[in-house]
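Here the structure is laid out as structure tokens; the discussion comes afterwards.
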Amino acid sequence: MTAPTESTQTTPGETLHTPVIAWFDAHARDLPWRHPEAGPWGVMVSEFMLQQTPVNRVLPVYEHWLTRWPRPADLAKEAPGEAVRAWGRLGYPRRALRLHGAAVAITERHGGDVPSEHAQLLALPGIGEYTAAAVASFAYGQRHAVLDTNVRRVFARVVTGVRYPPNATTAAERKLARALLPESERTASRWAAASMELGALVCTAKNETCHSCPIAGQCAWRLAGKPEHEGPPRRGQTYAGTDRQVRGKLLAVLRESITAVPQAALDHVWDEPVQRARALDGLVADGLVEPLPGGLYRLPLTSPLTSPPTQPST
DNA sequence: TACTCGTGGGT
DNA sequence: TACCCAAGAGT
């Protein structure tokens, strides 16, 4: 057809929903957490792992994780350090700690079932606005604005006509996402997944492939000649020489070791003692590392998220 | 609000 | 090579 037939009522995003969802049905990746058997727990685990980590690196860890801990209660029974160890090299290991804490909370407060209400999801450790909406939408088919970096970029281009969205999510973006949300629950949840996938596969940050885009004909940015990004430079991340790098090296040693590690083994991963000590202190403060008497360190057996550390008086 | 928090692959 | 980027959360 060349023109949409007249409808009794139109919603703002109607001309976007149909082509994007049709594109999604034809081109969506076959990812394990999109299978029905993944269930809400599988969806939730995938969302934690996908926070700032690419799909390809998540896949093997996800499979291992769900095999080992098929239900929240299975993970809740483990020491948090085991979650950190199984997290491997996904990065941002505090996510592993929070996922473990979320499993404990789900077991204690929700009878072992991932809650379906947005507010209850939001109350779990490691779940913010995006993840709560994503789990409610993808796992339970609810109608929520799921505003991740991919969707923000798609909206910035198609609607606003700029190459990149603002550095931090704005109220205007949330309002736009709500306005573009399809009316029906089913269509809204499909739209959430489809618009994310479009940003991940076609409307990418660099080397976007507009010739494959189902809504290229109505993209404000493309129609404006794809102007370059204006405004403040997008915040880059330096890494070499930072505390994050030192923390990563320290934690890698502890992940590889089944037994507690002596201070000397940690000392040799970084030669600058002040920064090294600061990084280790930070890991301990975050609950990612547990200090033992005698200058030994190990991954944590107790959780900083669920049980306040009880200090036995000497 | 702006900053911290890992890791590795692509360009 | 050095930089850029990847389904954010917490403070």
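Proteins get letters first, then strands, A, B, ... in listed order; numbering begins at 1 in each.
Residue Arg57(A) places a side-chain atom within donor-acceptor reach of the base of dT7(B), judged by atom type and a 3.5 Å distance cut-off alone. No N or O donor and acceptor, one from the side chain of Thr53(A) and one from the base of dG8(B), sit under 3.5 Å apart.
As judged by a 4.0 angstrom heavy-atom cut-off over every strand, Trp33(A) is placed among the base-contacting residues. Residue contacts shown for Gly91(A) include a base, since a base heavy atom lies under 4.0 Å away. Residue contacts for Glu129(A): at a heavy-atom cut-off of 4.0 Å it reaches the sugar-phosphate backbone alone, with no base atom in range. Across all strands, Ala205(A) comes closer than 4.0 Å only to sugar-phosphate atoms, never to a base (heavy-atom distances). Within the nucleic acid shown, Leu122(A) has no heavy atom closer than 4.0 Å to any nucleic acid atom. As judged by a 4.0 angstrom heavy-atom cut-off over every strand, Tyr164(A) is placed among residues touching the sugar-phosphate backbone only. Looking at heavy-atom distances under 4.0 Å, Leu251(A) makes no contact with the nucleic acid at all.
With dG6(B), dA7(C), dT7(B) as the candidates, the nucleotide lying closest to the side chain of Tyr130(A) is dA7(C). Checking dG8(C), dC5(C), dC5(B) against the side-chain heavy atoms of Gln52(A) singles out dG8(C) as nearest. Nearest to the side-chain atoms of Thr131(A) among the listed nucleotides dA9(C), dT7(B), dC5(B) stands dA9(C). Nearest to the side-chain atoms of Pro54(A) among the listed nucleotides dG8(C), dA7(C), dA6(C) stands dA6(C). Here the nucleotide nearest the side chain of Glu47(A), chosen from dC5(B), dA7(C), dA9(C), is dA7(C). For Arg255(A), counting side-chain heavy atoms from C-beta on, the closest listed nucleotide (dA9(C), dT7(B), dA7(C)) is dT7(B).
dT1(C) and dG8(B) have their C1' atoms separated by 16 Å, given to the nearest Å. Here the separation of dA7(C) from dC3(B), taken at their P atoms, is 22 Å to the nearest Å. Taking the P atom of each, dT11(C) and dG6(B) are spaced 14 Å apart, rounded to whole Å.
Checking the phosphate oxygens (OP1, OP2) of dT7(B), a side-chain nitrogen or oxygen of Tyr239(A) falls inside 4.0 Å. Residue Arg153(A) places at least one side-chain N or O under 4.0 Å from the OP1 or OP2 atom of dA6(C).
A donor-acceptor pair under 3.5 Å is formed between the side chain of Ser189(A) and the backbone N or O of Arg186(A).
The nearest heavy atom of DNA chain C to Gly126(A) and to Asn150(A) marks one nucleotide each, and the one closer to the 5' end goes with Asn150(A). Nearest-nucleotide positions on DNA chain B place Leu90(A) closer to the 5' end than the other of Asn207(A) and Leu90(A). Mapping Thr169(A) and Arg247(A) onto DNA chain B by nearest heavy atom places Thr169(A) at the nucleotide closer to the 5' end.
Note: Trp191(A) and Phe155(A) have parallel aromatic rings, judged against thresholds of 30 and 60 degrees for the angle between ring planes.
With respect to Tyr130(A), the side-chain hydrogen bond (donor to acceptor under 3.5 Å, both in side chains) criterion is satisfied by exactly one of His144(A), Glu47(A), Gln51(A): Glu47(A).
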